[in-house]
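Encoded as structure tokens, the structure appears first; notes follow it.
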Amino acid sequence: MSTEEQSHWRVVSVSVAGTSHKKRGQPCQDANHWEILPGGILVAAVADGAGSSNFGEVGAKIAVSAAVETISQQNLLSKDNNVDWQYQLIDALRAARTAVLAESQVRKVEAREFAATLILVVATPEFAIAAQVGDGAAVVGDGEENIFPLTAPQSGEYINETTFLISEQGVETAQVKIWQGKPVHLAIFSDGLQMLALKMPKGLPHCPFFTPLFKFMTVVTDEQEATKQLEEFLRSPKVTGRTDDDLTLLLARRCNIISG
């Protein structure tokens with residue numbers, strides 16, 4: 001009887017309202033969405049609705065759902081065709097933008113009221129690829145405690161300015177990055193965590209932030225309990241003492257299962 005090694009992803013993700021939003025009675029304008037596809041492929045997205053937009057949280061939710069669903073419907077993609085994946089991720093960004101613009105037309109509200117950033121990541125057993133519009137970032141870890149930047153925040157001309165998916169240049173100027181290797185850990189986060197998670201201005205991963213989180217994911221057995229613990233971490237003074245923005249953190253770990 002032959003044995004086969006299969007990949008299984010464990011994912012824990014949380015979006016919470018920042019302390020400044022709570023004080024103003026505003027909802028959390030971040031969103032996240034993910035799906036696990038056949039062949040050990042994880043598709044995950046994080047979006048951050050613009051604080052200045054009345055429906056930023058709606059734009060964020062639509063963007064992550066549309067992007068992930070667009071990728072998930074591509075059943076014939078090869079796990080190792082990088083060029084094919086690049087085109088598919090850009091198409092998914094376009095589909096997300098189209099879905100957000102359609103919602104603005106349905107509600108008869110200007111598109112800028114649905115402004116949001118978007119980070120979309122596909123992680124296969126052989127590589128990880130990401131497409132990003134705006135700030136926030138994604139990092140990837142191998143099985144040897146090395147942590148690598150997958151994307152970096154996109155900033156505008158002025159501080160705290162970024163590019164949004166609804167802008168005409170949003171998709172065209174999106175960064176698309178490929179990390180060649182066997183991803184074991186993945187983290188995607190909104191800009192509220194940038195100053196804790198990254199060494200700025202270069203945008204490199206701050207290992208003391210990620211290492212405990214990746215170790216946490218290696219012992220997760222109950223994803224519901226892990227989600228609760230991750231939410232408690234994001235609401236802790238250790239985090240809220242350094243940022244008052246909405247926070248999203250999606251963590252994933254790939255485990256190999258021998259079957260046969």
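Residue numbers start at 1 and run along the sequence shown.
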| Side-chain donor-acceptor pair present, Thr248, Asn32, cut-off under 3.5 Å |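 No, Asn32 and Thr248 have no side-chain donor paired with an acceptor closer than 3.5 Å.
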| query | Side chains of Glu225 and Gln229: is there a donor and an acceptor less than 3.5 Å apart? | reply |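 Their side chains do contain a donor-acceptor pair, which is all the 3.5 Å distance test asks for.
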| message | Taking the six-membered ring for Trp, are Phe148 and Phe210 closer than 6.0 Å centroid to centroid? | response |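 Ring centres of Phe210 and Phe148 not closer than 6.0 Å.
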| query | When you measure from the centre of the six-membered ring of Phe55, is the NZ or CZ of Arg107 under 6.0 Å away and within 45° of the axis? | reply |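 Geometry flag: set, cation within 6.0 Å and 45°.
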| Nearest-0.5 Å distance that lies between atom CG in Leu186 and atom CH2 in Trp9 |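 That separation rounds to 6.0 Å.
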| Gap separating the CZ atom of Phe214 from the SG atom of Cys207, nearest 0.5 angstrom |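 Reported to 0.5 Å precision, the distance equals 9.0 Å.
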Side chains of [X] and [Y]: closer than 4.5 Å at any heavy-atom pair?
X	Y	value
Met217	Val12	yes
Gln194	Asp191	yes
Val133	Thr163	yes

| field | Which atom of Ile119 lies closest to which atom of Ala137, heavy atoms considered | value |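 Distance-wise, the nearest heavy atoms are CD1-N, 3.4 Å.
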| Closest heavy-atom pair and its distance - Gln29, Ser53 |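 So the two residues come closest at NE2-O, 3.3 Å.
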Spell out, as yes or no, whether a donor-acceptor pair under 3.5 Å connects the side chain of [X] to the backbone of [Y].
X	Y	value
Thr162	Asp135	yes
Arg97	Ile166	yes
Glu110	Phe114	no

| Does Glu145 have any side chain to side chain donor-acceptor pair (under 3.5 Å) partners at least two apart in sequence or in another chain, and if so, which? |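 Not a single residue meets the side chain to side chain donor-acceptor pair (under 3.5 Å) criterion with Glu145.
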| Should we count CZ of Arg10 as having more than 12 external heavy atoms under 6.0 Å? |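 Yes - once you tally the heavy atoms of other residues, nucleotides and ligands closer than 6.0 Å, there are more than 12.
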